[in-house]
Amino acid sequence: MKKSQSNYRPWEIEPKWQKTWEKKPLFKTVDPPAGGKKYYALVEFPYPSGEGLHIGHAFTMTIQDIFTRKKRMEGLNVLNPMGWDAFGLPTENYAIKTGIHPAVATKKNTDQFQQQMKRLAFAYNWDREVNTTDPDYYRWTQWIFIQFFKHGLAYKAETPVGWCPACKIILANEEIVAGKCERCGAEAERRMQSQWLLRITAYADRLAEELDLVDYPDYVKAAQRNWIGRTEGVTIGYPVVGKNLTISCYSTRPDTNFGATFVVIAPEHPLVLKLTTQENIGKVRQYIEKAKKKSELERTEFKKEKTGVFTGNYALNRLTGKKMPIWVADFVVLTAGTGIVVGVPAHDERDWHFAKRYDLEIIPVVKPADSGGKWDFAKSPFTDIDKAEVFNSDFLNGLPALKAKEKIINFLVKKGWGKRAVNYHLRDWIFSRQHYWGEPIPMIYCPACAKKGISWWDTKEGKNFKPLFSPKKTGLRRQMAGWFPVNESELPVRLPEVKKYKPTDTGESPLANIREWVEVACPECASGARRETDTMPNWAGSSWYFLRYIDPKNNQALADPKKLKYWMPVDLYLGGAEHTTLHLLYSRFWHKFLNDIKAVPGKEPYAARRQHGVILGEDGFRMSKSHGNVIAPEKVVKKFGADTLRLYLMFMGPYDATMPWSTKGVEGCWRFLNRVWKLVVKHSQEKTAGKNHDLARIMHQTIKKVTEDIEELKFNTAIASIMEFINELMKQPSLPKKTLEILVLLLAPFAPFMAEELWCEVLGNKYSVHQQPWPKYDSKLVKGEIVTIIVQVNGKLRGQVQLPSNQTSKQPEVEKRAKKEANVTRHLEDKKIKKVIFIPRKLINFVV
RNA sequence: GGACGAGUGGCGGAACUGGCAGACGCAUACGGCUUAGGACCGUAUGGCUUUUAGCCGUGAGAGUUCGAAUCUCUCCUCGUCCACCA
C-alpha cells in the first residue's frame with residue numbers, strides 16, 4: 001500500500017483525473033453509419049449568467065451525468081451534449097450598465113461555466129458545444145424564421161404590450177414582475193404595438209393530440225393541454241340596433257343565450273368608438289384612457305370589482321328580440337375569443353358581478369336538474385352545465401343543458417345567425433423584442449412595394465412556392481405587403497456594433513439608431529427599404545438547439561438529414577418544471593413545423609421527458625441572495641470534493657422532489673465515501689477468499705437494484721443499496737478482488753473520480769474504470785436459497801418461517817410449518833380456521 | 001377561482017403490482033478505541049403497556065378487502081403552475 005492511499009484525499013485525486021480525462025478522452029460519440037445503438041440524452045442548456053453554476057445546475061446535470069455514464073458502460077452510443085442559451089436580458093442589462101459588449105461578457109461566463117462543469121466531472125460532448133449567440137448558430141435560427149414566414153406562419157400585427165412609462169421601453173412579459181417594471185419598479189402600463197407573431201395556434205390541435213405519442217409525466221401533458229385550452233362553441237352574430245353592423249361573440253354556453261341581457265366589448269377593440277353614441281363618447285374615451293394606464297396586475301386581479309361604461313348603443317338578440325345594451329369593460333380581454341362578450345348574468349360568475357354592479361337585468365334560463373330546480377339567483381349565478389335543465393327558453397325548454405347546447409348551435413347555424421367555432425386559450429406567439437441582445441429578425445420592409453400591395457408571394461420566387469398555410473386564405477398576402485425575407489444566401493443577418501444598448505425612447509430596438517445597418521435596398525424593387533429592427537425572444541434559439549448538437553458545424557443545412565435520422569428523437573429530455581408550457585410547447589411547435597417542411601424527421605422532438613425537483617436552502621426556503629441561504633457548489637467541492645457533492649445531491653431524495661439542503665447530510669456522504677475508500681484499500685492486496693454464498697447473493701441483489709434504479713432515475717435508493725452492500729462488506733474478514741471491483745464499478749457513475757483512483761491506482765487495473773462494461777447480475781443468485789414466509793392470523797403478523805426456496809410454492813407444506821410456529825399456534829388455539837390465503841414465496845394468512 | 005401534485009419517526013426519506021411500515025442517511029443515547037476528539041468502530045432508537053409478548057400507529061373520517069401508507073368517497077392542510085379565456 002502506498003502511503004498516499006491511507007486516506008481519501010479528493011482534493012488531490014480529483015484534479016489529477018480531470019487532467020487525464022482531458023488528455024485521454026473516455027467516451028467517443030460516433031456519427032452514422034458507425035456507432036450501433038444510439039442514445040440521445042438531453043439536458044436543458046443553461047443561460048450563462050455572471051453568477052456561475054448554481055446548485056440547481058449541479059443537481060440536474062449530475063442526474064444526467066450518472067444516467068449517461070451508465071448508458072455508456074452498457075455499450076450504447078451516447079450523445080450527451082451541452083451548450084449555451086446566451087441571448088438574454090441580464091447580459092444586455094450588464095452591457096447597458098458597464099458598456100462591455102454582451103458577446104465579451106458571454107464568452108467570459110461560458111468559460112467559467114465550462115470549467116465548473118468539468119470540475120464536477122460532467123462528461124459532455126464538448127466538441128459539439130453550441131451557443132445561440134454565435135452567428136453560425138443564429139444563421140439557422142433566422143433561416144427557420146424565414147421558413148415560418150414563407151409558409152404563412154409569421155406575421156406582423158398590432159398587439160397589446162407592456163410599457164414602462166419611466167424607462168420608456170416596451171416590456172417583455174418576463175420583464176414585468178408582479179405588474180412592475182423589473183428594472184425600475186414603476187407600474188407597467190399597456191399600449192398597442194406592431195409586433196411579429198408566430199401562428200402557433202395553427203398547430204394547437206396537433207400539439208395537444210400528439211402528446212399521446214410521447215412519454216412525459218402526466219402533469220406535464222395535463223398542463224400543456226390545459227395551456228392550449230381548446231373549447232368548442234359558437235360565434236353568434238348580434239345586429240347593432242340602428243346601424244348596418246353586426247358584432248359577434250364567442251360562447252361555449254349558447255344553451256343560456258335566451259338569458260343574454262347585455263354585451264361587453266374590450267376597451268382596446270377597434271370597434272369601440274364606432275359603437276359609441278355621440279353623447280357617450282366623452283365618458284367612453286375617458287374610460288379607455290384609464291384602462292390603458294391600469295397595470296396588468298390591477299386589471300387582472302381576482303375578485304376586483306368590475307368597472308365599465310355604457311356606449312349608448314344596443315345589440316339585438318334575435319332569439320328573444322331583446323335590445324341588449326353594449327358596454328365597454330376592461331374585464332374583457334381583447335385577444336380572447338372575438339374581444340366582445342355577450343353577458344348572461346344568471347349563468348356566469350363575471351357577468352353576474354357586472355350586472356349587479358350596474359343594475360343590469362338578470363334572466364334565469366337554466367336551473368339545477370335535481371333538488372327541485374331551486375336556485376337563488378339574487379345570491380349567485382348558476383353555472384353548472386352537467387346537471388342542469390333549460391327553461392324559459394322557447395324550443396329548448398325542458399332539455400338538459402348539454403343537449404340544449406347542441407340543439408341551439410344547429411339552430412343558429414341553420415338560421416345563419418351563428419357559426420360553429422373552436423377557441424384556444426393558447427394565443428399566437430409574440431415573437432418581437434425591442435432589445436439589442438437577440439437574433440435580428442431577418443426581414444426587410446419596403447414602403448414602395450407596400451404601397452403597390454406587393455407581397456413576397458407575388459415575387460418570382462414566391463409564386464413558385466407552395467406554402468403550408470395559404471397566405472391568401474389567412475389574409476397575410478395583403479397584410480404583409482412590402483415585407484420580404486432577407487435572401488437566404490445572405491444569412492446570417494449579424495448584430496451590428498452599437499454604442500448604446502438601451503432601447504430607444506420611442507420603444508424601438510437600439511438597432512433602429514444604426515442607419516447604415518437599417519437602410520437597405522428592397523430585394524424586390526431595389527428602392528429604399530428598412531431592415532426589421534426587432535430581435536427575437538429568448539425562446540427562439542432554444543426552440544431547436546437539440547437539432548444543432550447533432551451536426552453543429554454544418555454550413556449547408558441546420559443539420560445533415562442522415563445524422564438527424566440516426567439521432568432523433570431525443571431519448572430522454574431532462575429539465576425543470578418552469579419550462580412545462582413555454583419552452584416545451586414552443587420547441588415541439590418548431591419541430592412539427594420543420595417536420596412538415598421535411599427539414600427534420602419525426603413528429604415529436606422528445607420521446608421522453610422528465611422534470612427535476614428543486615433544492616431549497618438549509619432553512620427550508622427557496623435559495624436566494626436576499627435570504628442568505630445560497631449553497632455554492634464550488635464551496636462544497638473545496639471542502640469535500642466533487643464526488644461527495646454528486647453523491648449527496650443524488651442521495652437527498654427523489655430526483656423530482658423539493659428538498660431542503662442539509663450540511664449534515666453532506667457529511668454523511670463524505671463519511672460513506674471514506675468507508676468505501678478504506679475498505680477497498682484494506683482488502684486490495686488480498687489473494688484468496690473462499691466462496692461465500694450470502695455475499696454473492698447480496699452482491700447480485702445490489703447490482704440488480706442499482707441497475708434498475710438508475711434506469712428509473714431513482715438514485716437515492718440506488719445509493720442506499722450500495723450503502724447496505726458496504727455495511728455487509730465491512731463485516732467480512734476478507735474479500736475477493738472481484739467483489740471490490742464490482743463495488744467500484746457500481747460507484748463509478750456516482751463518484752467518477754474516486755472510482756477511477758480505486759480502479760487504477762489501488763486495485764491496479766487498466767485505465768479506465770469508465771470504459772468497463774456495466775456489471776451484470778445472475779438472477780438465480782439474486783433469489784437466494786432460503787426464503788422467509790410471513791405468517792399472519794386475520795391479516796396480522798404473528799410470525800415467520802424460513803424454508804428452502806423449492807418448498808415455498810406448495811401450500812400444504814408451508815401451512816404445516818407455519819402452524820408449528822409457537823406464536824402462531826397460540827393465536828390459532830380454540831379457533832376455527834375459516835379460510836387460508838396463500839401467496840407463494842411470500843405469505844400465508846389464516847382467517848379465523 | 002382552476003389544473004396538477006403531496007401529507008409516513010426528532011429530520012431527509014424507503015416500502016416493486018394491495019402482503020413484514022419506517023430501508024438508507026442524519027440526529028440522539030450508551031459503549032469501545034484514544035493523551036484528546038466534533039475522528040473512527042460497535043449497539044440501541046415510532047409511541048404506549050403488565051416487555052419470551054401485546055396494543056396503537058402512515059393528515060382526519062368513512063368504505064372495499066382475509067389483508068390498505070398504497071384502492072374508493074368526504075373533508076383538512078401544504079406545495080407548484082395558471083388565472084376575469086366568455
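- Nearest to the side chain of A/K842, among B/rC40, B/rC16, B/rA86, sits B/rC16.
- If you take CZ of A/F621 and P of B/rC78, they are 14 Å apart, rounded to a whole angstrom.
- Of the listed nucleotides (B/rG42, B/rA3, B/rA53), B/rA3 has the atom at the smallest distance from the side chain of A/N226.
- Using a 4.0 Å heavy-atom cutoff across all strands shown, A/R798 reaches sugar-phosphate atoms only and no base atom.
- A 3.5 Å limit on both hydrogen-bonding distances identifies B/rG79 as the Watson-Crick or G-U partner of B/rC4.
- In this structure B/rC84 sits in no base pair that meets the Watson-Crick or G-U test at under 3.5 Å.
- Here, B/rG57 and B/rG18 have their P atoms 23 Å apart, quoted to the whole Å.
- Out of B/rG13, B/rA86, B/rG25, the shortest distance to the side chain of A/P654 is found at B/rG13.
- A/T580 comes within 4.0 angstrom of no nucleic acid atom, judged by non-hydrogen atoms across all strands.
- Ionic pairing of A/K705 and A/E708 is not present here: no N-O contact between side-chain nitrogen and carboxylate oxygen is shorter than 4.0 angstrom.
- Looking at residues 713-722 of chain A, you'll see A/K714, A/N716, A/T717, A/A720 sit with a heavy atom under 4.0 Å from some atom of RNA chain B.
- The side chain of A/H827 places an N or O atom within less than 4.0 Å of a non-bridging phosphate oxygen (OP1 or OP2) of B/rG54.
- Under 3.5 Å, the side chains of A/Y219 and A/Q611 contain a donor-acceptor pair of N or O atoms.
- Among the nucleotides B/rA86, B/rC84, B/rC82, the one closest to any side-chain atom of A/T252 is B/rA86.
- Nearest nucleotide to the A/E724 side chain, out of B/rA86, B/rC20, B/rA23: B/rA23.
- Looking at the side chain of A/M723, the nearest of the listed nucleotides B/rG13, B/rG25, B/rC84 is B/rG25.
- A heavy atom lying under 4.0 Å from RNA chain B marks the following residues of residues 663-674 of chain A, by number: A/K664, A/G668, A/R671.
- In this model, no donor atom of one side chain and acceptor atom of the other lie less than 3.5 Å apart for A/T383 and A/H347.
- Within the nucleic acid shown, A/H347 has no heavy atom closer than 4.0 Å to any nucleic acid atom.
- For B/rU52, there is no paired base (Watson-Crick or G-U wobble, both distances below 3.5 Å).
- In terms of position on RNA chain B, the residue among A/G337 and A/M730 whose nearest nucleotide sits closer to the 5' end is A/M730.
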>> For a quick check, with a 4.0 angstrom heavy-atom cut-off, what is the B/S/- contact string for nucleotides 63-72 of chain B, read 5' to 3'?
In response: ---BS-----

Below 3.5 Å, can you tabulate the donor-acceptor pairs from side chains in residues 614-624 of chain A to any protein atom, sequence neighbours excluded?
| residue | atom | partner | partner atom | Å |
| --- | --- | --- | --- | --- |
| A/E618 | OE1 | A/T663 | OG1 | 2.8 |
| A/E618 | OE2 | A/T663 | N | 2.8 |
| A/E618 | OE2 | A/T663 | OG1 | 3.4 |
| A/D619 | OD1 | A/F621 | N | 3.1 |
| A/D619 | OD1 | A/N629 | ND2 | 3.0 |
| A/D619 | OD2 | A/N629 | ND2 | 3.4 |
| A/S624 | OG | A/S626 | OG | 3.2 |
| A/S624 | OG | A/H627 | N | 3.1 |
| A/S624 | OG | A/H627 | ND1 | 3.2 |

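- Between A/F354 and A/F262, the ring centre distance stays below 6.0 Å.
- If you check B/rC40, B/rC20, B/rC24 against the side chain of A/N727, the one that comes closest is B/rC24.
- Residue-level contact check: A/T658 touches the backbone only, with heavy atoms under 4.0 Å from sugar-phosphate atoms and none from bases.
- Remark: A/E44 does not engage A/R610 in a salt bridge, criterion side-chain N to carboxylate O under 4.0 Å.
- For B/rG9, the base adopts the syn conformation, since its glycosidic angle falls within 90 degrees of zero.
- Between the side chains of A/R826 and A/N823, at least one donor N or O sits under 3.5 Å from an acceptor N or O.
- Between the NZ atom of A/K306 and the P atom of B/rA86 there is a distance of 14 Å, rounded to whole Å.
- Salt-bridge check for A/K704 with A/D709: failed, with every basic side-chain N at 4.0 Å or more from each acidic carboxylate O.
- Applying the side chain to side chain donor-acceptor pair (under 3.5 Å) test to residues at least two apart or on different chains, the pairs with a partner in residues 222-237 of chain A are A/D205-A/R230, A/D212-A/R225, A/Q224-A/R588, A/R230-A/E232, A/R230-A/Y424, A/T231-A/Y250.
- With both pairing distances under 3.5 Å, B/rU64 is matched to nothing as a Watson-Crick or G-U wobble pair.
- For B/rA23, there is no paired base (Watson-Crick or G-U wobble, both distances below 3.5 Å).
- Distance CG (A/D656) to C1' (B/rG79): 14 Å, rounded to an integer number of Å.
- Under the Watson-Crick or G-U wobble criterion, with both distances below 3.5 Å, B/rG18 is left unpaired in every strand shown.
- Qualifying salt bridge (Lys or Arg N to Asp or Glu O under 4.0 Å) partners for A/E667, counting only residues two or more places apart in sequence or in other chains: A/K664.
- We find the NZ-CE distance between A/K682 and A/M730 to be 8.5 Å, quoted to the nearest 0.5 Å.
- For NZ of A/K221, the number of neighbouring non-hydrogen atoms (other residues, nucleotides, ligands) closer than 6.0 Å is greater than 12.
- B/rA68 and B/rU77 have their P atoms separated by 28 Å, given to the nearest Å.
- In this structure, A/R609 fails the cation-pi test against A/Y216, since its NZ or CZ atom is not both closer than 6.0 Å to the six-membered ring centre and inside 45 degrees of the ring normal.
- The partner of B/rU70 cannot be assigned: no Watson-Crick or G-U wobble pair with both contacts below 3.5 Å exists in any strand.
- Using cut-offs of 30° and 60° on the angle between ring planes, the pair A/W429 and A/Y586 is parallel.
- Place A/R622 and A/S662 on RNA chain B by their nearest nucleotides, and A/S662 ends up nearer the 5' end.
- Pairing for B/rU58 is absent, judged as Watson-Crick or G-U wobble with the two contacts each under 3.5 Å.
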